[in-house]
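Everything on this sheet refers to the single structure shown next.
Just so you know, these numbers use all the heavy atoms, side chains as well, and skip hydrogens, waters and symmetry mates.
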Amino acid sequence: MNNVDTDPDGLPGGDGEHAEGSPQVDVLTARDVPLGGPRAMSVRRTLPQRARTLIGAWCFIDHYGPDDVADTGGMDVAPHPHTGLQTVSWLFSGEIEHRDSMGNHALVRPGELNLMTGGYGISHSEVSTPRTTLLHGVQLWVALPGEHRHTGRDFRHHVPSPVTVGGAEVRVFLGSLAGDTSPVGTFTPLLGAELLLEPRSTTTLPVDPAFEHGLLVDRGNVRVCGTPLRPTELGYLHAGNDTLTLTNETDTPARAVLLGGTPFEEQIVMWWNFIGRSHEDIAEARTAWQDASDRFGNVDAYDGDRLPAPALPNATLAPRTNPTRH
Ligand code: MN
C-alpha cells in the first residue's frame, strides 16, 4: 500500500462508553483517505491518528471495502518504496497481485498472510486481479525497532488454520492466540489475528498482559471488555489485561482483526512510505527513491510508471510517539 496522506494527524478519537470495573477502551474512529490511482479507491485509516501513533509496533491500519471494483476501479498502486517497516496484507475477499524488487510475484488471497519486510529499502506494486469483484481487507504496517530497521528485504507467506475458541473462529497470522502460533517471526513481540464471532456470542480470549491491543471491527457490533464498537472503529486497550472478552451483539457473524504487541518505546518519524528516526533519514530515503538508487531496487512487469515521492514539507518532520498515559 502507498500512503498518499503525508499529514498523519487525524481527528482525535473519542472515549467510548466505559463499564464500571472493566478495562478502559479508547474508541478510535476512522477517516477516509484516497489511495490515489485512476478512480481513487479510498481506505479507512485508524492508525496513525492524533490520539495514537502505535499499538505495539503496529503503526498503520488501513481498512477497505467491501468495494465493488466495477465502481472503484479496484486497487492499482504503482511501484513505490518502503523503508524501516514491514507491510502485512490481509484480505477478506478479492485478490491482489504483489510484485516486489526481490523478484517476488505473489497473489494475496483471503485468509493468507503476506508479510513484506522493507528494512533498508524495498519497492513493490499492488494491483487487484481482473477476477476480483469485491475487494475487502486490511493493510497494516509494522515499525521495525532501531537495531533491525536496516535489515535486508524479505517476503513471507503463511496460511493459518482456523482454530475455534468458544464462539470465535480465530486465524492467527502473527504471534500466538487461542493455542495457535504463527511460524512467521517478528522483530518485536506482536499479535495479529482475524476473529469471526458467532451471532449473539461471548468469547473470552487469554492474552499476554505485557501487550497493548487494538480491535478493529469489520462487520457487526462488537463489545470488547464492555465497550461497544461499531464497524470501522478501533478499540484500544492498554497493556495489563490477561483476557479480552468479546461479544457479538448482532444476529449475524461479526468479524474483527485483533492486533497487539509490547509498547514500542522508540520515537519514529513516519512520512509517505518511509519510517525513520529523523527528518534526515526521511530526506535521504526520498532522494534515493527519486534518484532510482539501488537502495529500493526495481519492480519488473508493472504496466506503468513508478510513483514519484511527494515534496517534503518546509518544516522539519518531528518524531512521533504515543500520548502520555494518564
Ligand atoms: Mn506499499
Side-chain angles (χ1 to χ4, degrees), residues 1-14 26 28-37 40-63 77-87 118-124 139-151 188 212 214 234 236 263-293 295-296 305-326:
M1 191 78 74
N2 167 56
N3 178 18
V4 296
D5 174 22
T6 52
D7 173 14
D9 285 338
L11 298 170
D26 298 335
L28 304 175
T29 54
R31 64 206 163 96
D32 289 329
V33 178
L35 255 197
M41 167 187 162
S42 75
V43 299
R44 298 177 292 269
R45 184 160 302 160
T46 43
L47 208 68
Q49 58 174 282
R50 194 176 298 278
R52 179 139 297 275
T53 304
L54 294 140
I55 298 176
W58 297 103
C59 61
F60 188 90
I61 302 176
D62 272 358
H63 178 206
V77 185
H80 60 279
H82 288 293
T83 190
L85 61 88
Q86 297 174 297
T87 64
Y120 182 63
I122 198 167
S123 53
H124 71 148
Q139 162 87 194
L140 312 166
W141 292 359
V142 174
L144 292 171
E147 59 182 319
H148 296 297
R149 69 189 180 96
H150 289 160
T151 191
T188 55
E212 51 187 356
L234 175 70
Y236 169 75
F264 193 85
E265 305 290 355
E266 297 175 53
Q267 293 196 334
I268 60 173
V269 178
M270 188 168 165
W271 180 82
W272 194 42
N273 297 310
F274 304 134
I275 292 181
R277 294 298 181 274
S278 66
H279 180 95
E280 291 67 34
D281 286 348
I282 301 296
E284 198 176 283
R286 183 186 180 280
T287 299
W289 176 249
Q290 294 301 89
D291 291 350
S293 136
R295 177 169 179 174
F296 299 106
D305 295 333
R306 57 193 224 140
L307 287 178
L312 277 168
N314 288 323
T316 302
L317 294 164
R320 299 168 62 84
T321 186
N322 282 319
T324 308
R325 183 176 182 180
H326 310 291

| task | Locate the shortest heavy-atom distance separating P263 from E212; write the atom from each residue and the value. | result | CA-OE2, 3.4 Å
| request: Go through the steps for R45 and I61 under the test side-chain contact (heavy atoms from CB on, under 4.5 Å), then give the verdict. | output: CA-CA 6 Å; R45 184 160 302 160; I61 302 176; over 6 Å; no
| field | Within the 6.0 Å centroid threshold, strictly below: H82 and W141 | value | yes
| query | How far does CG of D281 sit from NE2 of H150, to the nearest 0.5 angstrom? | reply | 6.0 Å
| Heavy-atom distance under 4.5 Å between the side chains of T151 and L144, does that happen here? | yes
| Does the pair L234 and I55 meet the rule for a side-chain contact (heavy atoms from CB on, under 4.5 Å), with working shown? | CA-CA 11 Å; L234 175 70; I55 298 176; 4.0 Å; yes
| message | How close do H279 and L317 get, counting heavy atoms only, and between which atoms? | response | ND1-N, 2.8 Å
| message | On a heavy-atom basis, which atom in R44 and which in A30 lie closest, and how many Å separate them? | response | CB-CB, 3.7 Å
| message | I'd like to check F60 versus L47 (side-chain heavy atoms, cut-off strictly below 4.5 Å). Are they in contact? | response | no
| request: Could you grab the distance from atom OG1 of T46 to atom CG of D62, nearest 0.5 Å is fine? | output: 7.5 Å
| message | Tell me whether R286 forms a cation-pi arrangement with F274, defined as NZ or CZ under 6.0 Å from the six-membered ring centre and within 45 degrees of its axis. | response | no
| message | So, taking the atom named CD in Q86 and the one named CH2 in W58, what distance separates them when rounded to the nearest 0.5 Å? | response | 8.5 Å
| Would you say the side chain of C59 lies within less than 4.5 Å of the side chain of F264, judging by non-hydrogen atoms? | no
| said: For T83 versus G119, what's the shortest heavy-atom pair and its separation? | reply: OG1-O, 3.1 Å
| request: Evaluate whether atom CG of D291 has more than 12 neighbouring non-hydrogen atoms of other residues, nucleotides or ligands under 6.0 angstrom away. | output: yes
| request: Looking only at non-hydrogen atoms, find the nearest pair between L54 and A143 and report the distance. | output: CD2-CB, 4.3 Å
| task | Indicate the atoms forming the closest heavy-atom contact of Q49 with R320, along with that distance. | result | O-NH2, 3.6 Å
| query | Under 4.5 Å between any side-chain heavy atoms of P79 and F296, yes or no? | reply | no
| said: So, taking the atom named CG in L140 and the one named OG1 in T87, what distance separates them when rounded to the nearest 0.5 Å? | reply: 9.0 Å
| query | So, do V142 and L85 sit near enough that their side-chain heavy atoms are less than 4.5 Å apart? | reply | no
| request: To the nearest 0.5 Å, tell me how far W272 CH2 sits from H80 NE2. | output: 7.5 Å
| Close side-chain approach of P308 to W289, heavy-atom, < 4.5 Å | no
| field | Ion pair check, R149 and E266, cut-off under 4.0 Å | value | no
| task | State, yes or no, whether a side-chain contact exists between R306 and S123 at a heavy-atom distance under 4.5 Å. | result | no
